Every structure is written in C-alpha cells, then in structure tokens.
Undergrad: 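Structure below; questions to follow.
Just so it is clear, the structure is predicted and the values come from calculations on it, not from any experiment.
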2 protein chains.
Amino acid sequence: MSFFTEQPVTSADKTFFLLRKDIVEGAILSGSKLSETELSTKYAVSRAVIREAINRLESCHIVERKANVGARVVSLTPEGMIGLYQVREALEGMAARLAAKNMSDAEIADLNNLLTAHYQDVKNDESYYQEAGDVDFHYRIILGSKNNHLISMLIDGIYHLVRMYRVQLGMAGPRVTTAFNEHKHIVQAISNRDEELAEMLMRRHILYSRNNIEQKLVNKVYTRSEKREKP
Amino acid sequence: MSFFTEQPVTSADKTFFLLRKDIVEGAILSGSKLSETELSTKYAVSRAVIREAINRLESCHIVERKANVGARVVSLTPEGMIGLYQVREALEGMAARLAAKNMSDAEIADLNNLLTAHYQDVKNDESYYQEAGDVDFHYRIILGSKNNHLISMLIDGIYHLVRMYRVQLGMAGPRVTTAFNEHKHIVQAISNRDEELAEMLMRRHILYSRNNIEQKLVNKVYTRSEKREKP
DNA sequence: GAGGGCTATATTGTCGACACTTTAAACTAC
DNA sequence: GTAGTTTAAAGTGTCGACAATATAGCCCTC
C-alpha cells in the first residue's frame, strides 16, 4: 500500500488517510501533539492502528516523533516552505523532462484538452477549478514521467506538504492567468518532445510560484499556528 | 526518529536498521518474502516490532507490501536503477546548487581536504577507500545544501537503494580516476560559489555514472536474485 | 524562598492472543 | 481427468494488557 493508485483497505490505511486529511486541511493544527490514546478513541480504533498511521505520517515528514515522548505535527516555517519548493523545482523539472520523452501521444493530447478546459475556467474566473486544474496539470506531467520513484516522492510526499502549507497559511491558488501561459508553453515543449526546454520551463514555472508565495509567507507564518499547547 | 543524524533507541529502531542492513547488503535476497513471524523469531522481538520495521522499509521503497498477503523485498530491475539515477541527478544537482550557496567557508575547506585525501587513495589504488570517499564526497555536498527535505530523501532513501543495487548486482565502485576529476571541478565550482555550474557539473557527473553502470547492468539483472521462492 | 531530588502519573514501547483474509489442499461432482 | 467447491492451515491485521520511560508535581533541604 502507500502508493498513489492503491485503495485503502485495512483499518490502518483508512486511519492514515483520515489523519493526513485532518492535518493537511487544518482540522489538526500544525505544531500540535498527537496523543495515541486520544486519537485511538477519537477515530475508534486501537492504538496499534494509530501508531501505524503516525509512523507513516512521519515517513511523509508530516509529523515528527521523538522516542518515548510522542509525535507532533510539523511546525510550518518559511524555510520549510522554501526548501519544499526547491525540491519541487528539481523533481518536477526532471518530471517534465521525462514526460517529454515518455508520455504517449494520447496522453499529450489529453494534456492539451485539459489545458483548453482550464483556459475556459480562467476566462470565467472560477478560481476553485483553477486550483484543481493546476494540481491536475502537474499530476499529469508527474505521472507522465513514468518514473515511480519520482511519482511517489511528489504525489505521496511533497504535494501533501505543499497543500498543508497552502491551507494552513490561508493562501488560495494565486496568479492564475500568468501561470496559465506558463502551463501552455510547458505543454508545447512536451508536444515537441523538447526535453531540455520542458525541464527549463517547468523549473521556471515553479520558481515563479515560489517567489510569488515567499512574499505572502514572511508576514504570515509566525502569526498563526505556532501556539504549542501545554497539556 | 528515522533521520540521518539520530541514534537508534527503541527496539523497533534497531530492528529497522538491522533489517535494512541485511537487505541492502544482500543477506536477504531481493524479491524474497518477509514473513513477520519468521523474522520475529530470527531477530528475537515481537511481531509488532517487526511490523514497524517493515512499514518503515516500505516507506523507503525497499520492500513492497500487499494487504493481507505480506511484504517482499523489491525486485531489482534495470528500469528501477535508471529511474533511481534520474532522481539522483535531479536532487543532487539541486543539492550542489544549494551547497554552492549555503556551505560555510570552513565546510568548503573541509571538502577540499577530503578531495586531496581522496586523491592520495586514487594514486595508491586503494579501491575500498575510493568508494567510501566517493560516498563521503556526495554526502558532504548533500548535507551542505542545508535543505532537510533534500537531505532526508537522498540519505534516508535513495542512497540505500543505490547501495542495494550496487551490492546485489555485484558492481564495485567503478571509474574512479575519471570521477575524481569530476569531483574536483564540482568542488571548484562550489568554492567559487557558482551555483549554476555546480549543479550542471553534478548532474553530468551522475549522468556519466549512470551511463557507466547501465552497460554492466543489462546483462546482469536477470541472472541473479529473481528466483521467487514458493513456500 | 529557591533549588534539587523523589514520587506519582500519564504516555509511549512491547508483547502475546484473537479475528479475519488469503491460499492451497482435499474432496466432490460432472 | 478436470473443474469447481469446501475446508483447513498459515499468515496478516487488530486488539487489550503489561512494561518501560518521561514529565510534572510534591517534598525535603539549604
């Protein structure tokens, strides 16, 4: 299990997905302690199941655990966010390169369709679909790389963390219209099977995103969710 | 826990490290089944401890687990190795870029010292120290990035897999003398704080490594360790 | 009144037992 | 003899209890 395409089947799977959802979407605040006994009553499963879920969250770097002490949801810092985007730049750049090489013609056609659909949303100013469209766009390219290591690192790991930052710091999907043009050029490069250009454009695209977010970040991070409760 | 600098403290920690060592170094063959009951007697711990260790190994992509069926050590394939090197190229390229930006002057001086020590080994043809030196070199640059996500992905994840491939496919540290020159140029770029060049040279370095290994790979993989035993 | 050590409590780590699922073997029917 | 079904065994998933560790509060000492 623990892979992007698999369905949750065991109780531990479901609990892991639930817990991750609750953390990423802010129902459980960044920095808060995760008590095993408490969570086991809350989610109505045994401590063993909670422990397994927490262990997986630790592997995703969503929680930090200290032996004999317990687990806390990671604290969000500007450095953490920047570091995340540096990794994204490297990995998704490579993903775009590999996608230009490995995506089938059908997949590329689908990607183009997605882009035109996305363009409709941009014209109609439907910001919700814009964010979903952005994620969808990136996912397709990542999957198009056909590199399982890459796919797993991004989709099972990085993306949930990025989303956690986005949600908990309250920044909706920004700069949609400019990003759309960047998406368009990336798809063109992939259509032309220009690996070099696809990578370069994707890296720039993510770098711009990062620059855009950095500004909003610095003033926000230390105002929210840094209130480590004392039990 | 589960981080590069931490010491193992709990029984589950130690078992995880032991199991990983046994798998990476080939004491447990690629593709073989990991029976929880069997391992719990072998390592003299409870099944819960073994389960936790296996879960961590799954997060590292060293084993694959199917619900209600069990866990197997991953099978080694040429595609897997190539994919691993693609990720390495992306991540270590970024690491070199960040190292050029973030390493202290003292750390860079140390890196230069390591290089001259390594050079002595090359002259004396001490191939064991050559491989260790190579790993040490890469580790320092990775750590020099000061990016915890990057560091963890490479040191806790990729590097153990790469080593597993190396060991189980029986390929000792190759092409040392040419690699040394590449190392030298990378260090020069870092010393000059030339981020762009440091990344480019590191990527090339890893690409060359990959090309070098690919040749030896294709003829070997399907001869060893693909003998899924039937219980 | 302040600091250090001790005790009590709460939480995590580990264990063995039970429940459920899978798998393979045995048996039946055709 | 083959295919399908049933059944038994082996292994995983889940649970509650016990053991070990850390934290906080209390007491004692100075």
Undergrad: Return the set of residues passing salt bridge (charged side-chain N to carboxylate O under 4.0 Å, His left out) with B:Glu38 (not counting sequence neighbours), or none when no residue passes.
TA: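 With neighbours one apart ignored, the set is empty.
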Undergrad: With sequence neighbours excluded, tell me which residues meet salt bridge (charged side-chain N to carboxylate O under 4.0 Å, His left out) with A:Arg203.
TA: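 Once residues adjacent in sequence are excluded, the partners of A:Arg203 under the salt bridge (charged side-chain N to carboxylate O under 4.0 Å, His left out) criterion are A:Glu89, B:Glu199.
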Undergrad: For B:Tyr43, which residues count as a ring-ring contact (aromatic ring centres under 6.0 Å, His included) partner, sequence neighbours excluded?
TA: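 Checked B:Tyr43 against ring-ring contact (aromatic ring centres under 6.0 Å, His included); zero matches.
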Undergrad: What pairs with B:Thr41 under side-chain hydrogen bond (donor to acceptor under 3.5 Å, both in side chains), at least two apart in sequence or on another chain?
TA: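 B:Thr41 satisfies side-chain hydrogen bond (donor to acceptor under 3.5 Å, both in side chains) with no other residue.
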Undergrad: Report the residues that fulfil ring-ring contact (aromatic ring centres under 6.0 Å, His included) with A:Phe137, sequence neighbours left out, ordered by chain and then residue number.
TA: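 For A:Phe137, the residues satisfying ring-ring contact (aromatic ring centres under 6.0 Å, His included) (neighbours in sequence not counted) are A:His183.
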Undergrad: Might you list the N or O atoms of the protein lying below 3.5 Å from N or O atoms in nucleotides 9-16 of chain D, with each pair's distance?
TA:
unit_1 : atom_1 : unit_2  : atom_2 : d
D:dT12 : OP1    : B:Lys33 : NZ     : 3.1
D:dT12 : OP2    : B:Glu36 : N      : 3.4
D:dT12 : O3'    : B:Asn68 : N      : 3.4
D:dG13 : OP1    : B:Asn68 : N      : 3.2
D:dG13 : OP2    : B:Arg51 : NH1    : 2.3
D:dG13 : OP2    : B:Arg51 : NH2    : 3.2
D:dG13 : N7     : B:Arg47 : NH2    : 2.8
D:dG13 : O6     : B:Arg47 : NH1    : 2.9
D:dT14 : OP1    : A:Ser11 : N      : 2.3
D:dT14 : OP1    : A:Ala12 : N      : 3.4
D:dC15 : OP2    : A:Ser46 : N      : 2.7
D:dC15 : OP2    : A:Ser46 : OG     : 2.9

